[in-house]
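Comments concern the structure below.
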Amino acid sequence: MKRLEMQVSGGCQCGAVRYHATAMFDNSHLCHCRMCQKASGNIFAALVAAPDDALTWTRGKPSIWKSSQLVERGFCANCGTPLFFHHLENGRTNLMIGALDDPHAFSPHANTCTENMVPWFDTITGIENTGATESNGAEWAAAIKQSNNQHPDHDTSSWAVRGRILHDEDVADSADGHR
């Protein structure tokens, strides 16, 4: 695995947790293991590693859940964004590509742990592409943009976490019971 000296930043959706890396590894991949599926809430986790000695947390700290004796997973306790997979013994932290400020920089090179790959994975590129949100739901996209609480895709000198955190009692009080 090759170490690449470069500047990378990223963080959670609400901006409470941010990180910066001064190097990355060329190991970008899609992990299909059941633990990554559950941790990402998706059919795979798109990951790329930063050497532990090159990674710093620049705002807040991630919450940690130890998913096994050898692995901890980090996420934002405020907004729930999955941030990383960290093997405790290999010196690197696999960051979720979607949480990077520039996820386009790391196209996956491999599918790993394919024993749990969903059978329809290979058909994804052949399904209908309905286009950009703005062209299919312009009114909805404008409403989201106007009330957007998401942190921008770059570091900011300061950031107030915005948005309302819903708790179980809030959901029970809502009209339809859905968030």
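Looking only at distances, a side-chain donor or acceptor of Arg59 sits under 3.5 Å from a matching main-chain atom of Gly15.
Hydrophobic cluster membership differs between Met1 and Leu4, with clusters built from Ile, Leu, Val, Met, Phe, Trp and Tyr side chains linked at under 4.5 angstrom. Placement of Met6 and Phe25 in two distinct hydrophobic clusters is found when ILVMFWY residues are connected by side-chain heavy-atom separations under 4.5 Å, directly or transitively. Note on Trp120: it does not cluster hydrophobically with Ile127, by side-chain heavy-atom contacts below 4.5 Å among ILVMFWY residues.
Atom CG of Asp53 is separated from atom OG1 of Thr93 by 10.0 Å, given to the nearest 0.5 angstrom. For the atom pair CH2 of Trp57 and NE2 of His20, the computed distance is 13.0 Å after rounding to the nearest 0.5 Å. The CG atom of Asp101 sits 4.0 Å away from atom CZ of Arg18, with the distance rounded to the nearest 0.5 Å. Rounding to the nearest 0.5 angstrom, the gap separating the NZ atom in Lys61 from the OG1 atom in Thr58 is 9.0 Å. To the nearest 0.5 Å, atoms SG (Cys113) and NE2 (His29) are separated by 7.5 Å. In this structure, CE in Met96 is found 8.5 Å from CG in Leu83, a value given to the nearest 0.5 Å.
Between Phe121 and Phe44, the ring-plane angle classifies as perpendicular under the 30° and 60° cut-offs.
Between Leu95 and Met24, some side-chain heavy-atom pair lies under the 4.5 Å cut-off. Considering only heavy atoms from C-beta on, Asn27 comes within 4.5 Å of Arg92 through its side chain. Contact annotation: the side chain of Arg73 never approaches that of Pro82 to less than 4.5 Å [non-hydrogen atoms, C-beta and beyond]. Side-chain contact between Thr81 and Cys14 is absent, with no heavy atoms from C-beta onward closer than 4.5 Å. Val8 has its side chain out of reach of Val48: every pair of non-hydrogen atoms, C-beta onward, lies at least 4.5 Å apart. Residues Ser28 and Ile97 meet the side-chain proximity criterion, which asks for heavy atoms closer than 4.5 Å. A 4.5 Å side-chain heavy-atom check between Val71 and His86 finds every atom pair outside the cut-off. Residues Leu55 and Phe84 have side chains not in contact (no heavy-atom distance under 4.5 Å, counting atoms from C-beta outward).
Side-chain contact, His109 with Asp26: no donor N or O sits under 3.5 Å from an acceptor N or O.
With sequence neighbours excluded, the residues that form a side chain to side chain contact (heavy atoms under 4.5 Å, CB included) with Lys66 are Gln69, Leu88.
Across Met35 and Ser67, no two heavy atoms sit closer than the pair CE-O, 2.8 Å. Summarising the geometry of Tyr19 relative to Gly11, their closest heavy-atom pair is CE2-N, 3.5 Å, with the distance given to 0.1 Å. Minimum heavy-atom separation, Cys36 to Cys31: SG-SG, 3.7 Å.
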Using the rule given for side chain to side chain contact (heavy atoms under 4.5 Å, CB included), can you reason through Leu47 versus Thr112, listing the C-alpha separation, both sets of side-chain angles and the distance that settles it, and then say yes or no? CA-CA 10 Å; Leu47 300 162; Thr112 63; over 6 Å; no
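Each of Thr114, Asn111, Asn116 was evaluated against His32; a single residue qualifies, Asn111, per the side-chain hydrogen bond (donor to acceptor under 3.5 Å, both in side chains) test.
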